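On a predicted model such as this, the values are computed, not experimentally measured, just so you know.
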2 protein chains.
Amino acid sequence: MTTRELLFLGLLRHQKMHGYQLNEFIQQDLAVCTDIKKPTAYYLLNKMEARGWITQSSEQIGNRPLRRVYQITPTGEIAFQSMLRESMQEYTPTYFEDDIPLAFLDELTTDEASTYLETRKEQLLSELEIMQNTPVHPGTVQWMLEHRLRHLQAEAAWLDEVLSRLTLMEEE
Amino acid sequence: MTTRELLFLGLLRHQKMHGYQLNEFIQQDLAVCTDIKKPTAYYLLNKMEARGWITQSSEQIGNRPLRRVYQITPTGEIAFQSMLRESMQEYTPTYFEDDIPLAFLDELTTDEASTYLETRKEQLLSELEIMQNTPVHPGTVQWMLEHRLRHLQAEAAWLDEVLSRLTLMEEE
DNA sequence: AGAAAAATAGTCAATCCTGACTATTCCGGA
DNA sequence: TCCGGAATAGTCAGGATTGACTATTTTTCT
């Protein structure tokens with residue numbers, strides 16, 4: 001996923017940041033679109049430094065432990081520009097992990113299957129509700145929210161279809 | 001992704017298969033829902049053998065190279081049953097990699113952005129067309145196709161929305 | 001003041017995944 | 001019958017990812 005690197009570069013363009021700050025921001029403000037774990041973040045930052053896209057420097061505030069501050073380089077800026085343009089044009093098909101169990105739906109009675117899929121649907125609907133009650137976000141993040149919303153609605157409609165066909169089979 | 005293991009178990013329940021056969025089937029018939037690379041397949045099969053879920057035996061047909069035939073064990077069957085039920089109830093939220101570049105849409109002129117997103121849309125639409133012309137598949141795979149179809153339609157609608165708002169901004 | 005909880009700032013070992021590679025065999029056409 | 005390409009059957013080294021862990025400092029509450 002090159003887009004993860006794009007993300008770090010994009011964030012560092014506005015201001016130099018330290019690791020904790022980057023991780024916080026990603027977990028808090030970008031939870032809609034990605035979930036980069038802390039060790040992954042450091043791994044990627046190190047890789048990007050090795051490549052010359054960013055630099056690290058040490059900083060100490062008061063008695064807090066030393067921390068590394070990351071800063072984008074001109075090379076990094078060039079990389080950002082080109083990756084941004086490339087990835088903006090791309091459509092990458094997504095696989096849905098939860099599709100796989102459906103391949104074996106026959107192994108369950110329609111009754112049992114319905115019960116499980118209802119549980120699944122409840123989780124989906126509660127996700128959907130959270131989304132619908134999320135206040136409007138600033139800037140372009142709003143577009144991701146709407147993306148997610150549409151996606152969840154499509155999921156719900158599809159699950160309903162599956163469930164209603166299962167019910168039909170049950171009645172036969 | 002535990003569902004990958006579920007998939008292998010589910011396939012081996014019907015008949016013992018060798019590695020090549022498993023890989024072929026996944027690439028040809030299950031391309032809608034997953035893309036497991038060959039080395040990953042062997043890796044997972046070995047892991048599952050170590051765990052006692054499947055057994056390997058060697059087989060030779062004519063002069064062809066020796067090959068390993070995988071077969072599910074009773075322990076594997078139990079694992080399959082429990083994983084199937086668990087995963088059937090689960091809804092796992094999906095992240096869309098292509099959302100990330102949108103966070104930096106401001107960095108481009110609306111004109112440039114539109115051009116790129118139009119390219120993206122074309123790719124999406126050609127995917128959609130392929131889906132719509134795919135003949136009805138047998139069994140439960142059909143449900144995955146419909147899932148994908150709905151998802152692609154939602155994507156297209158969302159992209160249209162983004163594009164039309166961009167155009168509005170351009171006119172101001 | 002003292003203790004528990006939260007915030008800060010990472011690291012490490014292990015797991016997962018895949019591009020690139022190796023080899024052999026079969027098959028159709030010149 | 002000889003050659004090239006497709007099919008067969010995997011392996012290996014290396015990159016990506018993360019759960020669990022370590023340590024210190026600040027804050028809060030009593």
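For K38(B), there are no side-chain hydrogen bond (donor to acceptor under 3.5 Å, both in side chains) partners two or more places apart in sequence or in a different chain.
A donor-acceptor contact shorter than 3.5 Å is absent between the side chain of Q81(A) and the backbone of E77(A).
Nearest to the side-chain atoms of R68(A) among the listed nucleotides dT11(C), dC17(C), dT11(D) stands dT11(C). The nucleotide whose nearest atom lies closest to any side-chain atom of R67(A) is, among dA9(D), dG10(C), dC17(C), dG10(C).
Aromatic ring pairs are classed by plane angle as parallel below 30°, tilted from 30° to 60° and perpendicular above 60°; the pair F104(B) and F80(A) is perpendicular.
Contacts between residues 22-42 of chain A and DNA chain D, counted as heavy-atom distances below 4.0 Å, involve K37(A), P39(A), T40(A). For the segment residues 47-55 of chain A, residues with any heavy atom less than 4.0 angstrom from an atom of DNA chain D are, sorted by number, K47(A).
Summarising the local packing, CD of E86(A) is surrounded by 12 or fewer heavy atoms from other residues, nucleotides or ligands at distances under 6.0 Å. By the neighbour-count criterion of 12 heavy atoms within 6.0 Å, atom CD of E129(A) is sparsely surrounded, having that number or fewer from other residues, nucleotides or ligands.
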Before giving the answer on side-chain hydrogen bond (donor to acceptor under 3.5 Å, both in side chains), spell out for E155(A) and H151(B) the whole-Å C-alpha distance, their side-chain angles and the decisive distance to 0.1 Å. CA-CA 7 Å; E155(A) 293 269 285; H151(B) 166 67; 5.9 Å; no
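For the pair L45(A) CG and dG10(C) P, the computed distance is 10 Å after rounding to whole Å. To the nearest angstrom, C1' of dT8(C) lies 8 Å from NE2 of H18(A). Put simply, CG on L7(A) is 16 Å from C1' on dA16(D), counting in whole angstrom units. Remark: P of dG10(C) and CG of N46(A) are 10 Å apart, rounded to the nearest angstrom.
A close approach under 4.0 Å does not occur between any side-chain nitrogen or oxygen of Y43(B) and OP1 or OP2 of dC17(C). Between dT8(C) and Y20(A), a contact under 4.0 Å exists linking OP1 or OP2 to a side-chain N or O. Considering only side-chain N and O atoms, R4(B) lies nowhere under 4.0 angstrom from the phosphate OP1 or OP2 of dC16(C).
For the pairing with E127(A), the salt bridge (charged side-chain N to carboxylate O under 4.0 Å, His left out) check across R120(A), R148(A), K121(A) returns one residue only, R148(A).
Across all their heavy atoms, C33(B) and D99(A) have their closest contact at CB-CB, 3.9 Å.
One distance of note links CG of N46(B) with CZ of R68(B); it measures 6.0 Å at 0.5 Å rounding.
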